[in-house]
Each structure stands twice: as structure tokens, then as C-alpha cells.
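First listed ligand is number 1; within each ligand, the first listed atom is number 1. Remember, it's a predicted structure, so these values are computed and weren't measured experimentally.
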Amino acid sequence: MRIGILTGGGDCPGLNAVIRAITRKGLQEGDNILGILHGWKGMITGQHEELTQRSVSGLIHRGGTILHTSRTNPFKEEGGGEKVIATFKRLGLDALIAIGGEDTLGVAHRLYKEYDMPVVGVPKTIDNDLSGTDVTFGFDTAVSIATEAIDRLHTTAESHDRVMVVEVMGRHAGWIAVHSGMAGGADVILIPEKPFDLDEVSEAIRSRHARGKSFSIVVVAEGAKLDHKNIEGLVKQTEDLDEFGHVRLGGIGHFLANAIEERTGFETRVTVLGHVQRGGSPTAHDRILATLFGIRAHDLVRMGRFGKMSAIVNGRIGEVTLQEAIKELKTVDMELFKMAAIFSG
Ligand code: F6P
């Protein structure tokens, strides 16, 4: 078969491991593998390169994506769907594997449903917010990076008797904040799923310091929101929306740090981890997960099971429909958040 692979949306550690797995398995079974460049944009322009044993060698530990990525939504342009289909035919493809999050896979699902395109998905995102799979690859790496940062901030916070606010990514889901906050022993964890009150946060820090602690660590998800008693809404970097209608989040950490310092009088500093969470090598866990996802995606193509996504279902590699994967954002399990809150303050 002639199989195309593309990576779309924000990059994420483990993308190259998926590309390697699909290519190695495909070549072993006599397939031709084409790397489509720059995500869905490449399915409009036709930019691609042949993937060979050589081009995917030495890739498993490399972050980023050799295929490059973009946040292009082909349905934003007139006749975009038809253009993708035309490229698919022009390149002589029999199937396409789209590696991405809710946006990339949302496009894949539409192409499958509306144009009958033979497409299979692989769940990628550091945010871990895709339905239908227990976990996405990239998440474990982002959590490990954030946890290491929190560990490091502990020692400097303690030395200076400061409050340290750490802003982590995750968009509208608090998975990275809860996992890294729990693993790093944060004193306050703030997530989008539970709007917070500035007075309560300040009080938690004050009472902790009244018990003799001289420093505190606050982990805040970039999408965390103040509740209605304060200013409603998200802190954004810009009012512009991307092609999928998303705002660019960021800035809640600085806002929170100022408010905490003002209310408590404790010296406070901010660290915004930003894209560091997406860069560099994937963890061993993500390398294996990405490899399993890639192998399964290739199996799905070979079996003609299109409109599906490889997934971890109840701890085992399996598959779900793309529809199931994109039906809703998978937000933080509030039972887990309650457990994390046992260690707050
Ligand atoms: O979806 C992954 C993610 O890193 C989010 O956590 C974050 O809000 C967004 O992408 C940042 O996007 P960009 O790379 O376009 O700045």
C-alpha cells in the first residue's frame, strides 16, 4: 500500500517515534510510506517526502517532528476538503495516518465521514485531553518536565522564603497541573475544571506559613479561571483565534503572583514553563506508547479499519472511532483532583 503520514497541531515528544514505528513496520510489509509535510497544509500543497529505513533511523529519542507541523485547518478555505482529496489522489495514496489532537483528528474525521477518505488517527497531545484513550503520548514527558521544574523551584523557594507560582500548559484541561502538582508536592494546584477564588488561595498560603512553613509552591494551569467573585474568564496572550477557533492562553501565573503578593505580603515569583514542556526527548514511557500507537495505526490501515484511532483502552493497546475520540474534551477526573487536594495548604 502507499500510506501517507502527517503530524498536525502543536508538536509533542514522541511524534518521531510514531513516524518511525509506522515506517519501519510498513516497509517490512512492503508498503511505501510518504511523509506529508507541515500537517494538513501539506495535504493542500502536496509537499511530501518518501520515508525510508534511513530517514527514520536514529529517531526514537528525538523530540519534535521530522515532518514539521502546522495548525492549518483545510476546512477554513473554500473547497479545502476537495483540495485534500485531490492531493490524496495525486500522490497515489491508499490511506493516510493523521497524528494529532482534537483539531487534527477532527479534520480526519470530517474527511472520513464527508469524503469517504481512508484515514486512521493516532492520539497526540501533551494536554491529555482526547476522549477514547486512557492517555495520549507526550503527556508523560510534559509531566516529567514540569515535575522536575517544581522540584528545582522547591529548593530556591525554600532558600528565599518565597511563594513560587508555576504556570503549566494544558489548554482547557488541568491534567498536566494535577499530575505534576501531585508528583512535585505542590501546595496549591489550580485547574480550569474548578474556578478558583483569590482570597481562598491567599488564605491557604497564609495559613500554611502561619504553621511555620516559609515557602509555598503554587501550580496553575494556563487555562485556570477565576470564579465569578473576581474577574471572570481566562487570561489570554492575544484576542486572536487560530484556525480552529482557539485562544492563545498564558499570563494567569503573573496575574496570580501579583494577587498573592498583594494579599499575603509574601514575596512571590513566577515561572512560566511554556514550550519547554513540549521540547526535547520523550520519556521511555512515551517512546513505547508512541511505538505501540504507530504499530496499531498501521495494522488498522492494513485491515481497512478506517475512521478509527489507535488508543489505550483500559490499559491495553486498542482502537476507538475518531468520532469517539473527538466527541468531547477529556477533562480532569474530579476524584483525582480531590486526592491531590489532600496535600494542599
Ligand atoms: O495543545 C498543546 C499546547 O501546548 C497547549 O497546551 C497550549 O495551550 C498550546 O498548545 C500552545 O500552542 P502554540 O504552540 O501554538 O503556542
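With sequence neighbours excluded, the residues satisfying ring pair (Phe, Tyr, Trp, His ring centres under 6.0 Å) with Phe215 are His154. For Phe88, there are no ring pair (Phe, Tyr, Trp, His ring centres under 6.0 Å) partners, not counting sequence neighbours. Remark: His68 pairs with His38 by the ring pair (Phe, Tyr, Trp, His ring centres under 6.0 Å) rule, at least two apart or across chains.
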Give the intermediate values and the outcome of side-chain hydrogen bond (donor to acceptor under 3.5 Å, both in side chains) for residues Asn128 and His179.
CA-CA 11 Å; Asn128 196 36; His179 279 241; 5.6 Å; no
Derivation and outcome, side-chain contact (heavy atoms from CB on, under 4.5 Å), residues Ile205 and Asp187:
CA-CA 8 Å; Ile205 294 170; Asp187 306 302; over 6 Å; no
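At a cut-off of 3.5 Å, with distance as the only test, a side-chain donor of Thr52 or Ser55 sits close to an acceptor on the other residue.
Residues lining ligand 1 at a heavy-atom distance below 4.0 Å are given as Arg71, Ile126, Asp127, Met169, Gly170, Arg171, Glu222, His275, Arg278, ordered by chain and residue number.
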